[in-house]
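What you are looking at is a predicted structure, and each value in this text was computed from that prediction instead of being measured. Throughout, protein chains are lettered first and strands after them, A, B, ... in sequence-line order, and every chain is numbered starting at 1.
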Protein chains: 2
Amino acid sequence: MTKTWNHQVVKEGNKSLVLDKIKNNSPISRAAVASQTGLNKGTVSSLVSDLLDDQLIYESGPGESSGGRRPVMLLFNDLAGYAIGIDIGVNYLLGVLTDLSGNIQLKKECSFKNLSYEEIREKMFSTIDSLIASAPESPHGVVGIGVGVPGVVDKSGEILLAPNLKWRNLDLKSVLEEKYGLPVIIENEANAGAYGEKRFGAGQECENIIYVSAGIGIGVGLILNGSLYKGSNGFSGELGHMTIQVNGPKCRCGNEGCWELYASEQALLDTAVQSGLFASTDEELDLPHLIQLAESGNEEAIALFKKSGDYLGVGINNIVNTFNPQQVVIGNRMASAKNWLSESLNERVANQALWFQQNDLIIGFSELDTLPTALGVAAFTIENFLSVRMQPQQAIFS
Amino acid sequence: MTKTWNHQVVKEGNKSLVLDKIKNNSPISRAAVASQTGLNKGTVSSLVSDLLDDQLIYESGPGESSGGRRPVMLLFNDLAGYAIGIDIGVNYLLGVLTDLSGNIQLKKECSFKNLSYEEIREKMFSTIDSLIASAPESPHGVVGIGVGVPGVVDKSGEILLAPNLKWRNLDLKSVLEEKYGLPVIIENEANAGAYGEKRFGAGQECENIIYVSAGIGIGVGLILNGSLYKGSNGFSGELGHMTIQVNGPKCRCGNEGCWELYASEQALLDTAVQSGLFASTDEELDLPHLIQLAESGNEEAIALFKKSGDYLGVGINNIVNTFNPQQVVIGNRMASAKNWLSESLNERVANQALWFQQNDLIIGFSELDTLPTALGVAAFTIENFLSVRMQPQQAIFS
DNA sequence: AAAACTTTGTTTAGCCACTAGACGAACATG
DNA sequence: CATGTTCGTCTAGTGGCTAAACAAAGTTTT
């Protein structure tokens, strides 16, 4: 039975419209909302009254008159509730508590190495516990938990495979839902990052954004026509395993010549070892040190980054030719080497991407530091909460 | 000003729902439509009456009783109007006249070589003229013209570039609209083919279909979440110029190691010349002859196809990893070599695509022969017509 | 300062499409 | 023929939207 259209759907849609308008243009008067959305003044008044009842918005003092009665300004009530976003990395766990606009209220981070699933889960529990405990009193409280994982998540939210964590077939969603009694969203780290970039990054107006999460491996999140594209089973964006060299070196995925064998952090570190920049047993074998080397003028390190940037460009060319996006954002750990990658990357793209693709195309690095994923899952949670709140609330009998 | 929701939108949506139900499940009674869509019986009756007035559906005799009053069966009125679909190829022009279900009523085809834009345009005019002339009398007549071109079409319908036709910046849409006074849709050949496959091909239930148009070049049409993804400016799907060999041979596009240098018809013919199968001046240097050679047991020809299939597989792996589609359909001229390509293609995919991508994944060749593009643009035209017809019709004053 | 005009937000009346349920028509069954 | 079932229409009622009137609260003009 397909979804039919009725009065409730209409109201839901318009309420959403009004709330969005207020969120994005606050402070704004009812009259302005009406004229800008095309809705009738009366309709807006009625919907606004609903939203006020739900404490999702509030009235501030009167605004400036423009030659008549002074308007009552409406504002989105950021603090009507809070969301939790967790980013599980291969060797870190990052948790944020955000308000309903995605502003970070609190950030908790910890690093680790080679922990088991159970150990990481406990760390996550304690992070969530303390974030919930520190959430201020609010009408709606903590509205949900979002978790980003470096692995493959199917449509039901089950983690099928997270190779770098050695996780397989884990139903983390149910675990969290049962423990906290809150809505839980589990999402691939790159998908979440893409959404984080769309909502809080540079291109909030863009409808088509490709987020390249370049870390130990490479994953890609696709925002197409304004929303996340997940594929038939939720496995889209495995572009790290796109072949860029036919019959190239073997990848652990079974394929050959995969992009991430050339452009990932792992690839960079491997070539650094090969070129003798580090001993393979070297304790300091990591990206920050390599960046330090480049900054101190080490020619060899600079050349390595240049090569990496070039390879990044190759894959991004493919992305551009495939999606014709408005924006490509490179995030995750490799983004910290922005200064050393961008020249060769841009050169590769400028020289080799189809000319007509290059109009209005922005290629850049994430400015959200390590946060896109955590912010992205928090944003999913918030969006989910708000969409539920747009629906008519059944009366509560006591 | 964003689009608001009101009862007109509701009616439009429900009318569409009812029409779709009738189209896909005919013959069907009002009662069945109501119970299957979830709409109220009265609502369905009223909407059906509208559709009857518009002659988009008709009543047939009473159906089988299931223990009560016999139902009046409703059917979609295929013949309420006709659409024209034109497929402009590099050396052919194919025109079809279809009914509103996409059934072909008439097909006109002509071949040519090295014609100018003006000459091809004239051929198109005469094709369209004769198709229109032969359309039977019907309530809505010819409802529009769709044209598929082997080139880049921007969102406004202007043809920016069709390299193999040597076309640039042509506003064919306006030309046709003015001449015929009908709605005109211009679409890239691969995009149209993708839609044709979705509507009339094997995977009509699939939401995510990738159509690989492998001819002289390679273009790709993307059906994502059930509708065509065109990118920010309409340039998506240029996967023929995806790099599969870093620092590989130069392509005329400016890039290196492009997929179509390995897996297109052109690539196949070029290697055939190189291997001495044809003299470079040979008149018979074309795909059908190469297929003939393979069929007559020529080992060298068979090996060439095998290699092509392998390279096709490389790109399709990338597609699968990117989109996690339900179906990949290979169409255009290379599809005629299906028997000689599929083995090595399937092997490449089976061995090297990520295992979890391979569940529920269908990779196959088009069964629509040369028609997907023409059928696709006709389908666009029909869909456009029907969506306009769902809107309330203003009274006509005389 | 009074009058006139503007702008804001609420209220009222009316409209439209949907729903629920009554109802008659048309058929099957015993 | 009586009864039960299914189909399709019809009627009353509901909910949300629109247009327009209106009250409230300003500014501008005289």
**Student:** Angle, rounded to 10°, between the helical axes spanning five pairs at each terminus of the helix from C/dA1-D/dT30 to C/dG30-D/dC1?
**Tutor:**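 Comparing the first five pairs with the last five, the axes sit 10° apart.
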**Student:** Is the closest side-chain heavy-atom distance between A/L52 and A/I57 below 4.5 Å?
**Tutor:**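 Result yes, sub-4.5 Å side-chain heavy-atom pair found.
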**Student:** Heavy atoms under 4.0 Å, any strand shown: does B/V72 hit a base, just sugar-phosphate, or nothing?
**Tutor:**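 The answer is sugar-phosphate, as B/V72 gets under 4.0 Å only of primed atoms, P, OP1 or OP2.
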**Student:** Any donor-acceptor pair under 3.5 Å linking the side chain of B/S236 with the backbone of A/N324?
**Tutor:**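 Here the side-chain-to-backbone pair does not exist.
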**Student:** Hey, does A/V44 reach any base, or is it just sugar-phosphate, or nothing, if we go heavy atoms under 4.0 Å?
**Tutor:**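 Since no nucleic acid heavy atom lies under 4.0 Å of A/V44, the category is nothing.
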**Student:** Between atom CG in B/L74 and atom C1' in D/dC7, what is the gap in whole Å?
**Tutor:**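 In whole Å, D/dC7 C1' and B/L74 CG are 12 Å from each other.
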**Student:** In this structure, how many angstroms lie between the C1' atom of C/dT7 and the CD atom of A/Q36, rounded?
**Tutor:**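 After rounding, the reported distance stands at 15 Å.
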**Student:** For a quick test of reading the model: is some side-chain N or O of B/S29 closer than 4.0 Å to OP1 or OP2 of D/dT6?
**Tutor:**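 No, outside the criterion.
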**Student:** With the sugar-phosphate defined as primed atoms, P, OP1 and OP2, and the base as all remaining atoms, what B/S/- string results for nucleotides 17-27 of chain D, 5' to 3', for protein heavy atoms under 4.0 Å?
**Tutor:** SBB---BBBBS
**Student:** What residues form a side chain to side chain contact (heavy atoms under 4.5 Å, CB included) with A/K198, not counting sequence neighbours?
**Tutor:**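 In terms of side chain to side chain contact (heavy atoms under 4.5 Å, CB included), with neighbours along the sequence ignored, A/K198 is linked to A/E207, A/I209, A/I223.
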**Student:** Without decimals, in angstroms, what is the distance between A/Q391 CD and D/dG16 P?
**Tutor:**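 My rounded result for the distance is 14 Å.
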**Student:** Is a side-chain donor or acceptor of B/S232 paired with a backbone partner of A/Q326 at a separation under 3.5 angstrom?
**Tutor:**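 Side chain of B/S232 to backbone of A/Q326: a pair is present.
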**Student:** Could you tell me the separation between the CD atom of A/Q8 and the C1' atom of C/dC18, rounded to a whole number of Å?
**Tutor:**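 From A/Q8 CD to C/dC18 C1': 11 Å.
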**Student:** Using the side-chain contact (heavy atoms from CB on, under 4.5 Å) rule, take B/V377 and B/V147 through it: C-alpha gap first, then chi angles, then the decisive distance, then the call.
**Tutor:** CA-CA 6 Å; B/V377 286; B/V147 182; 5.7 Å; no
**Student:** Taking everything shown except B/Q204 itself, do over 12 heavy atoms lie less than 6.0 Å from its CD?
**Tutor:**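 It does: B/Q204 CD has more than 12 such atoms within range.
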**Student:** Could you check whether B/Y195 and B/E187, counting side-chain N and O atoms only, form a donor-acceptor pair closer than 3.5 Å?
**Tutor:**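 No, B/Y195 and B/E187 have no side-chain donor paired with an acceptor closer than 3.5 Å.
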**Student:** Closer than 3.5 angstrom, by distance alone: can the side chain of A/N24 be matched with the main-chain N or O of A/D20 as a donor-acceptor pair?
**Tutor:**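 Yes; at least one donor-acceptor contact below 3.5 Å.
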